[in-house]
Amino acid sequence: MFTNTENARAYANGKNRRVLSGRNLWSGVLFGVGTAAFVDEAVFHQLLHWHHFYDLSTSDVGLVSDGLFHAFSWFATIASLFLFADLRRRNAFWPQRWIGGMLIGAGAFQLYDGTIQHKLLKLHQIRYNVDILPYDLAWNAIAVLLLLVGAVLLWKTRQPAEKKGS
Amino acid sequence: MERGIQPEISAAAFGVALLLLTVIVVYLHAAIQSRNKFKRWPAYRSVFWISGVFFIAVSLIGPLANQAHHNFIAHMSTHLLIGMLSPLLLVLASPMTLLFRSLSVASARKVTRFLKSRPVYLLSHPFTAATLNIGGLFLLYRTDLFFLMHEHILLYGLVHFHLLAAGYLFTASIIYIDPVAHKASFQLRAIVLVAALAAHGILSKLIYASPPQTVPKSEAETGGMLMYYGGDAIDAVLITIFCYQWFVFARPRLTVQKNG
């Protein structure tokens, strides 16, 4: 049985999250980029040693883009959690939309990493001394899958959606 | 690798120690004095100030500082301390607020007028501060300056003063702990912060890949990684404080519930 306060809270959340729909999305996107970059660096660079932050780059552009991306993702991880806290205190957190944004962010990062950084700039590869094709396919397929699921979630929470209140 | 400035170190070290001790004593004296006119000066600020000055001391005198003359890893440790950690701690100690509390109203007004002036505005703009900070580092590690610095003690002192001063200016221009005459928007500061962090990361990779003159490859690699991850760690604190300030600034003021 719901009390009046709980009903009011649920109702307010339904309204607030529509007003702050964009902030839900961006908090998720930033968190997704940050998480994907962190997982890449921690798992593949540091634990598995598959590749490192500097694999004899042939391109100065690669170095600069890598640096900018790392800085942005480092900032994004922390900023997204403060945005998340802000949504919670405003009673406007929208899990579906937030997760949709997160998947888009993570997928976009991985696709950028897998196509531009690995292939176009040849900054580093996923792994060395093996047949790289299955790795590249798996890497980019996962990226596209993340983007697709994220896009579905965003489409389901699109604006202005006349869905049920809570 | 022996370098020429060893014999002069002890005299210089004595001077530095005396100066730093004075800086602590003056701060503590002002903190205690301000209790008479205002409410109690929080103890944690004094702790920040003392530890900030302590890390300056560690990077200028003593065993680590001596190591830094011929070992690049030790050198980079001292640079993280004097260029990033100390400035952060000193900013967190709110020295300007304490200064204003200690001055008479007339002199405080003069200082305020100075802080509001055009040159100070240009100098303390986040973009200028970041350029001075990161640009100085690029000059140091991408030109002969690193080599020259170890030949001339005056240059050595000047470079380290610049590291500290530019680090302080940059930190103070990104997070507002003391009262600020010219406030930059959160967006602008976020962009500058990300760009500065990126430039710092790029420079550390350049050091890793092509070391400054006279630095052995293996030391440069460790030093470069220390700069990269050490910079990240301190920047994480800076980013967290920055975002927290936004969090406080953007607190709800009953606007959301009204519309929608």
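Computed from a prediction, not measured in an experiment: that's the story for all the values here. For the numbers below, each heavy atom of this structure counts, side chains included, while hydrogens, waters and symmetry mates do not.
Residue Phe127(B) places its CZ atom among 12 or fewer non-hydrogen atoms of other residues, nucleotides or ligands, all under 6.0 Å distant. Phe186(B) CZ: more than 12 foreign heavy atoms inside a 6.0 Å radius. More than 12 heavy atoms of other residues, nucleotides or ligands shown are found within 6.0 angstrom of NZ on Lys217(B). Atom OH of Tyr176(B) has more than 12 neighbouring heavy atoms from other residues, nucleotides or ligands inside a 6.0 Å radius.
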Practice problem: Give the C-alpha distance, both sets of side-chain angles, the deciding distance and a yes or no for side-chain contact (heavy atoms from CB on, under 4.5 Å) between Asp86(A) and Trp246(B). | Solution: CA-CA 10 Å; Asp86(A) 182 62; Trp246(B) 171 84; 3.9 Å; yes
Quiz prompt | Verdict with supporting geometry, Asp235(B) and Phe75(A), side-chain contact (heavy atoms from CB on, under 4.5 Å) | solution = CA-CA 9 Å; Asp235(B) 274 324; Phe75(A) 184 89; over 6 Å; no
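Within the 4.5 angstrom heavy-atom criterion, no atom of Ala76(A) approaches chain B. Neither the backbone nor the side chain of Ala199(B) comes within contact range of chain A, judged by heavy atoms closer than 4.5 Å. The part of Phe242(B) that comes within reach of chain A is its side chain, from C-beta onward, which places non-hydrogen atoms under 4.5 angstrom from that chain. Within the 4.5 angstrom heavy-atom criterion, only side-chain atoms of Leu193(B), from C-beta onward, approach chain A.
Here the CH2 atom belonging to Trp74(A) is positioned 9.0 Å from the CG atom belonging to Leu197(B), to the nearest 0.5 angstrom.
Here the closest non-hydrogen pair linking Ala79(A) and Cys243(B) is CA-SG, 3.6 Å.
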